[in-house]
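Some notes on the structure that comes next.
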2 protein chains.
Amino acid sequence: MPRAVKWETLHGARYDTRSRDFTALTPCSAGLQPRTGMVPALPQSFWRESLTLIEQHLPFGRRKLCAQDRVYRCGDPFDTLYLISSGLFKIVNTAPDGREQAAGLYFKGDWLGFDGIPTGSHGCSAVAMDLGEVWTIRYDALLRVSANVPMVMRVLLAAMSAQLAHNRDTMLNMGSLRADARVADFLLQWAQALAERGLRTDQIRLYMTRAEIGSYLRMTMESVSRALSRMARCGVIEFNEAGRRDIRIPDLAALTDFIQSSTELETSPVQ
Amino acid sequence: MPRAVKWETLHGARYDTRSRDFTALTPCSAGLQPRTGMVPALPQSFWRESLTLIEQHLPFGRRKLCAQDRVYRCGDPFDTLYLISSGLFKIVNTAPDGREQAAGLYFKGDWLGFDGIPTGSHGCSAVAMDLGEVWTIRYDALLRVSANVPMVMRVLLAAMSAQLAHNRDTMLNMGSLRADARVADFLLQWAQALAERGLRTDQIRLYMTRAEIGSYLRMTMESVSRALSRMARCGVIEFNEAGRRDIRIPDLAALTDFIQSSTELETSPVQ
DNA sequence: CGATGTGTTGACCGGGTTCAAACAATGTGG
DNA sequence: CCACATTGTTTGAACCCGGTCAACACATCG
């Protein structure tokens with residue numbers, strides 16, 4: 001069965017194999033709010049702004065990638081930023097001994113490559129997790145255009161700030177949520193990312209192994225597996241028939257309840 | 001004994017009570033490198049760039065703060081950014097139930113307030129931990145000037161990217177270091193921040209309670225206390241006579257060794 | 001068929017949280 | 001000045017979550 005059909009079944013979206021993009025068939029279920037995030041969710045149109053703005057005002061290249069392809073590697077010299085036009089990407093931090101840890105997930109409309117700006121070379125790698133496409137935008141060109149088109153600068157700064165805020169919330173979650181809740185929150189954030197982009201949120205395909213999820217959530221694959229099993233037993237999620245990477249979320253509210261019921265760590269009051 | 005004198009003793013710096021700034025008496029011990037950071041340390045002059053550039057090109061206000069004063073609060077509308085001209089600040093994330101968690105520490109030359117850019121209102125609070133001063137810079141004015149002075153935009157983007165990279169490394173550390181190592185790494189990073197600003201690194205005054213440190217490192221105050229006690233027993237650090245918040249670090253190399261000897265968590269290889 | 005990669009489950013153990021008690025530093029009011 | 005309260009710090013003891021190790025199921029691929 002071709003992948004495109006699977007996508008359609010899974011996310012209720014039409015997958016165009018030529019452009020490697022998917023468009024929603026059903027209006028997304030809006031109103032999702034992050035459980036722990038202090039930052040209100042961005043307006044749904046936000047992720048689109050970067051793409052349309054860049055398209056209008058900047059010369060850019062297109063680069064298609066297959067699963068496991070790297071947009072850039074740790075150590076590469078920095079001179080261009082990348083804007084995800086389709087697909088799903090992760091940032092991995094490569095330790096000196098060669099082992100890797102996932103440090104972030106990025107979807108359509110997100111930028112990649114900021115980490116190279118201050119030092120001039122990339123401090124981590126960006127890896128495609130499926131078919132995908134990025135627009136390559138030279139940093140100096142972007143700066144020049146930003147000076148003339150205020151909106152470009154605004155969007156760029158907003159995108160960076162949003163990443164900062166998102167990282168901050170992620171840090172808090174990882175510090176204050178127990179294993180089960182972390183996994184549940186991970187699914188919830190994934191659903192939110194889909195919702196913001198107009199896709200169905202009740203069915204999710206994880207393009208990650210348990211080990212990868214564990215790397216991202218700072219826990220072992222065994223714990224991830226156990227957490228998912230427990231959630232399935234509680235009926236919060238369901239595994240699709242074959243393949244344990246397709247997950248149905250019957251009720252998002254039940255998922256958020258599950259997060260809260262998985263007793264959080266005490267957050268000691270400060271001062 | 002006035003606070004200024006204490007500062008001089010502690011950090012080998014002259015503290016000017018009028019400007020509330022300190023200037024190094026002794027050239028700093030350079031060459032400090034982060035243990036886990038994949039991002040090479042910024043050049044020592046980096047923190048200065050923001051300050052000099054803003055001073056030259058932008059109108060800005062000065063705002064002095066005492067310990068526990070808030071630069072901005074969670075929920076405040078966003079329209080200005082803040083540049084730390086002196087002092088030490090922390091970012092706290094206020095949970096819906098009112099409890100707070102420290103999410104970051106910021107020193108002279110660091111920017112505050114980015115989190116308000118995408119949403120137009122602040123998602124966290126910035127709190128002074130001691131006497132300090134920030135320069136207030138209106139965001140729209142900054143954007144206007146950035147368009148005309150490329151260097152201002154470069155520095156702004158570099159500062160934001162540096163925060164992103166720093167957050168990423170912090171996340172990794174918190175996920176991969178054990179309690180003792182986390183506390184040691186915390187001290188090391190503090191020393192680095194002082195070193196980058198030309199201050200002595202062998203003596204550190206923590207303007208934080210154990211509970212605050214624990215909040216920042218995502219662990220209980222008991223664990224922080226135990227870790228510090230262990231480090232003191234090993235001779236890696238020494239407490240100053242009175243008051244357990246003044247810490248001497250006889251040998252920074254010993255501190256890094258201590259971090260590595262505190263067995264790290266296994267980082268599972270990905271893919 | 002074996003080899004390999006992935007996912008699940010069980011048993012065990014250890015580090016860090018939790019709970020509790022005691023002490024130190026500081027301030028307050030009589 | 002002392003009694004007292006408050007806050008911060010230290011240390012001990014018990015518990016428990018999640019890491020570790022191991023065994024096994026299952027799929028794909030050569």
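Since this is a predicted model, take the numbers as computed values, not measurements. Just so we're on the same page: letters track the sequence lines, and every chain starts at 1.
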Contacts of type ring pair (Phe, Tyr, Trp, His ring centres under 6.0 Å), residue Tyr82(A), not counting sequence neighbours: Tyr72(A)

Below 4.0 Å: OP1/OP2 of dG18(D) and any side-chain N or O of Arg218(A): no

Modelled atom types, side-chain donor and acceptor of Ser215(A) and Gln101(A), under 3.5 Å: no

Length of the CG-P vector between Leu177(B) and dG15(C), whole Å: 15 Å

Sugar-phosphate, base or nothing in reach of Arg230(A), heavy atoms under 4.0 Å: nothing

Under the side chain to side chain donor-acceptor pair (under 3.5 Å) test, residues paired with Arg248(A) that sit two or more places apart: Glu238(A)

Nearest-angstrom distance from the residue atom CG of Leu217(A) to P of dG18(D): 12 Å

For atom CG of Asp246(A) and atom P of dG7(C), their distance in whole Å: 12 Å

Rounded distance (Å) that lies between atom C1' of dT10(D) and atom CD1 of Ile247(B): 14 Å

Expected rows: protein N/O vs nucleotides 14-17 of chain D N/O, under 3.5 Å:
none

Produce the list of close N/O pairs, under 3.5 Å, pairing protein atoms with atoms of nucleotides 8-10 of chain C; give distances to one decimal.
from    : atom 1 : to        : atom 2 : distance (Å)
dT8(C)  : OP1    : Arg210(A) : NH2    : 3.4
dT8(C)  : OP2    : Arg210(A) : NE     : 2.8
dT8(C)  : OP2    : Arg210(A) : NH2    : 3.2
dT8(C)  : OP2    : Ser225(A) : OG     : 3.1
dT8(C)  : O5'    : Ser225(A) : OG     : 3.3
dT9(C)  : OP2    : Ser229(A) : OG     : 2.6
dG10(C) : N7     : Arg226(A) : NH1    : 3.0
dG10(C) : O6     : Arg226(A) : NH2    : 3.2

No-hydrogen, no-angle side-chain donor-acceptor test under 3.5 Å, Ser86(A) and Glu133(A): no

Those residues that, when tested against Phe107(A), pass ring pair (Phe, Tyr, Trp, His ring centres under 6.0 Å) (two or more places apart): Trp190(A)

Contact under 4.0 Å: Thr220(A) side-chain N or O vs dG18(D) OP1/OP2: no

For Ser125(B), side chain to side chain donor-acceptor pair (under 3.5 Å) partners two or more places apart: Arg70(B)

Side chains of Gln163(A) and Asn167(A), donor plus acceptor under 3.5 Å: no

Donor-acceptor pair, side chain of Glu212(B) and main chain of Thr209(B), under 3.5 angstrom: yes

